[in-house]
Number of protein chains: 2
Amino acid sequence: MATRTAAQRRAEARAEYNAFLAACPSQQLLARVSGKWVTLVLSALGSGPDCDGDPRPMRYSELGRVLAGVSPKMLSQTLRSLERDGLISRTATATVPVTVTYELTDLGLSLHQTVRQLKRWSETHQDEVAAHRAAFDAARGEDPVPRGGAQPEAVP
Amino acid sequence: MATRTAAQRRAEARAEYNAFLAACPSQQLLARVSGKWVTLVLSALGSGPDCDGDPRPMRYSELGRVLAGVSPKMLSQTLRSLERDGLISRTATATVPVTVTYELTDLGLSLHQTVRQLKRWSETHQDEVAAHRAAFDAARGEDPVPRGGAQPEAVP
DNA sequence: CGGTATCCTAGTAGATACTG
DNA sequence: CAGTATCTACTAGGATACCG
């Protein structure tokens, strides 16, 4: 029969939607960039260790020092995924001990520029957001007036 | 004594770094924007249900229909966090049944513009990334030459 | 030095059911 | 219609130990 429950209809819709989400370039980019260390690696390679210089290649251990507290696993994983997407290039020199450097590609550099735009927005508006957030929290804490939805019941 | 293990030093560094990360506006923004439904809500409110119109207010259930497959919980949660940050505004009209509409604020609109920049980048470069990715995977699959690190052992 | 392999935890997304 | 409450599942992130 053609009758479906709401849950079934949602499940079907979700199945279709997954294809859309998977195909949607901006969602993919967000998934790539939203990793905890991705933007930090990008910044380090794009603006030097001091975050306000020129792009330059860096070694694995140097990145590990700049991104304080990163575990070897996450650093490896992040670098590998960025390399996979052609955003950074990896160069191994057969010295002893082996020397490996990472560097932004042109593609990675262009992404870094775009991310800087986002960074600029957040720097410009961070206090606005903070103010809204504080106001919102204060309103909910001190004046819990019902806003149409259910409100947590006060002590009887 | 002042001697610390590598793990202890990393832990300390991480503790300091957390403050930096928490304070870093761009990281905060990314955390805010990288939620699965955040950008979709932003797009829906910023470009209409067809994703290529003008910004206009939408109702809860309308958003639920446009963002196919979203559960009421996630929709609520996403809308609430966006409202908290002052990116959208919520308006409840005391009709029966109650009518609630959501709308981008100026702040939310400006963020939407910025996110569109990111979207543009991903649309421009998505095939480059895909090509790199394919090449990388092919190289690893067909020519597993050791690149300095350990390679997964073949069957003995 | 530059990683990989293994195990573990904690936060986030989703299903389901219920309320004003 | 517009949510809230509760439970479960998944996976990103991290600690640890070890190899080339």
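Here is the naming used below: chain letters follow the sequence lines, and residue numbers restart at 1 for every chain.
- The phosphate of dT4(C) (OP1 or OP2) has a side-chain N or O of R80(A) nearer than 4.0 angstrom.
- R90(B) has a side-chain polar atom (N or O) that falls below the 4.0 Å cut-off from OP1 or OP2 of dG3(D).
- The nearest pair of heavy atoms linking V98(B) to T93(B) is CG2-O, 3.4 Å.
- Computed from coordinates, the L30(B) CG to dA12(D) C1' distance equals 15 Å when rounded to whole Å.
- Within the 3.5 Å criterion, the main-chain N or O of G108(A) finds a donor-acceptor partner in the side chain of T105(A).
- Against DNA chain D, the stretch residues 35-48 of chain A makes heavy-atom approaches under 4.0 Å through G35(A), K36(A), W37(A).
- Close to dC1(C), at under 4.0 Å from its OP1 or OP2, lies no side-chain N or O of S61(A).
- Between S81(B) and R32(B) the shortest side-chain heavy-atom distance falls below 4.5 Å.
- Across the helix from dC1(C)-dG20(D) to dG20(C)-dC1(D), the helix axis at one end is tilted relative to the axis at the other end by 50° (nearest 10 degrees, each axis from five pairs).
- Side-chain nitrogen and oxygen atoms of Y102(B) include at least one within less than 4.0 Å of the OP1 or OP2 phosphate oxygen of dG3(D).
- For S122(A) (side chain) and K119(A) (main-chain N/O), a donor-acceptor pair under 3.5 Å exists by modelled atom type.
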Please list, pair by pair, any protein nitrogen or oxygen found under 3.5 Å from a nitrogen or oxygen in nucleotides 7-12 of chain C.
none

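- Of the candidate nucleotides dG3(C), dT4(D), dG2(C), dG2(C) has the atom nearest to the side chain of T99(A).
- The interatomic distance linking R65(B) (CZ) with dC1(D) (C1') rounds to 11 Å, in whole Å.
- Among residues two or more places apart in sequence or in another chain, the side-chain hydrogen bond (donor to acceptor under 3.5 Å, both in side chains) test is passed with R65(B) by none.
- The 12-atom threshold is not exceeded at CG of D54(B), counting heavy atoms of other residues, nucleotides or ligands nearer than 6.0 Å.
- Counting only residues at least two apart or in different chains, ring pair (Phe, Tyr, Trp, His ring centres under 6.0 Å) contacts with residues 65-123 of chain A comprise W121(A)-H125(A).
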Could you pull out all donor-acceptor pairs under 3.5 Å where a side-chain atom in residues 35-46 of chain B meets a protein atom, sequence neighbours excluded?
| unit_1 | atom_1 | unit_2 | atom_2 | d |
| --- | --- | --- | --- | --- |
| T39(B) | OG1 | Q27(A) | OE1 | 2.6 |
| S43(B) | OG | T39(B) | O | 2.9 |

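- For dA2(D), the OP1/OP2 oxygens have a side-chain nitrogen or oxygen of R59(B) closer than 4.0 Å.
- Listed for the T101(B) side chain is no donor-acceptor partner under 3.5 Å among the backbone atoms of R59(B).
- Distances were taken from every side-chain heavy atom of V98(B) (C-beta onward) to each of dG3(D), dA2(D), dA15(D); the shortest belongs to dA2(D).
- Across the protein-nucleic acid pair, L75(B) atom CG and dA15(C) atom P stand 13 Å apart, rounded to whole Å.
- Other residues, nucleotides and ligands contribute only 12 or fewer heavy atoms inside 6.0 Å of the CZ atom of R116(B).
- The backbone N or O of T95(A) sits nowhere less than 3.5 Å from a side-chain atom of T99(A) that would complete a donor-acceptor pair.
- Counting to the nearest Å, the P atom of dG3(C) and the CG atom of L63(A) are 10 Å from each other.
- To the nearest angstrom, P of dA2(D) lies 14 Å from CG of L67(B).
- The two residues E123(A) and P25(B) make their nearest non-hydrogen contact at CG-CG, 3.9 Å.
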